[in-house]
Every structure is written in structure tokens, then in C-alpha cells.
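Sequence positions, counted from 1, serve as the residue numbers for this chain.
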Amino acid sequence: MFDTGRMSDELKALKVDVTRLLSTAGEEMFDASKDRAEALADQIKAALAELGETVSEEQEQLHDLVTERPAAALASAFALGVVVGFMLRRH
């Protein structure tokens, strides 16, 4: 009436199929995630390179400014220190 041997074989085959499908889907998801992560890493590297160039340019401009007006740069640094000191004292 009810063939348990056949049912068991079909369940085993189904288990194998599901396992194979899940591993294939998992590998595809891993590959897609890896590709996205690599693309994001490339974008971050490009942004950091651009930021580095900008900082270098600003550093050169600041150096030139301080070299041209050392007294004004010293007075500005002192004033900034006083302001920061007052702000930290209040908290």
C-alpha cells in the first residue's frame, strides 16, 4: 500500500538536489558580494587618492602663507589656542 523504500529514496534525492541548489546559490551570492566589495574598495581608494592630492595642495598653500606672514600666523595660532582653551574650560 505505502512504499517506504521508494519514499526514502525520493527524499534522499530531494535532499541532494536542495543541497546542490543551496550551495550553488550561496556561491553565486558570495561572488556577487565579492565583486561589489571590490568595486567599493576601488571607489574608496580613488577617493582617498583624490583627498591626498587635495591635502597636499592645501599644505603647500598653508606653508606659503605662513612663510609670507609669520607674525600673522603666530597671532592666529595664539588666538585659536585662547578660544579653544575657553571652550574647554566651560565644559
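The distance from atom NE2 of His63 to atom CD of Glu68, rounded to the nearest 0.5 Å, is 10.5 Å. The distance from the CD atom of Gln59 to the CG atom of Asp64 is 10.5 Å, given to the nearest 0.5 Å. The line from OG1 of Thr67 to CG of Leu62 is 9.0 Å long, rounded to the nearest 0.5 Å.
Both Phe78 and Phe86 are assigned to one and the same hydrophobic cluster, defined by single-linkage of ILVMFWY side chains at heavy-atom distances under 4.5 Å. Residues Leu40 and Leu48 share a hydrophobic cluster, clusters being chains of Ile/Leu/Val/Met/Phe/Trp/Tyr side chains in contact below 4.5 Å.
Heavy-atom neighbours of Glu38 CD from other residues, nucleotides or ligands within 6.0 Å: above the threshold of 12.
Under the 4.0 Å criterion applied to side-chain N and carboxylate O atoms, Asp17 and Arg20 are assigned as salt-bridge partners.
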(request) Before giving the answer on side chain to side chain contact (heavy atoms under 4.5 Å, CB included), spell out for Val83 and Met87 the whole-Å C-alpha distance, their side-chain angles and the decisive distance to 0.1 Å. (result) CA-CA 6 Å; Val83 169; Met87 290 176 64; 4.0 Å; yes
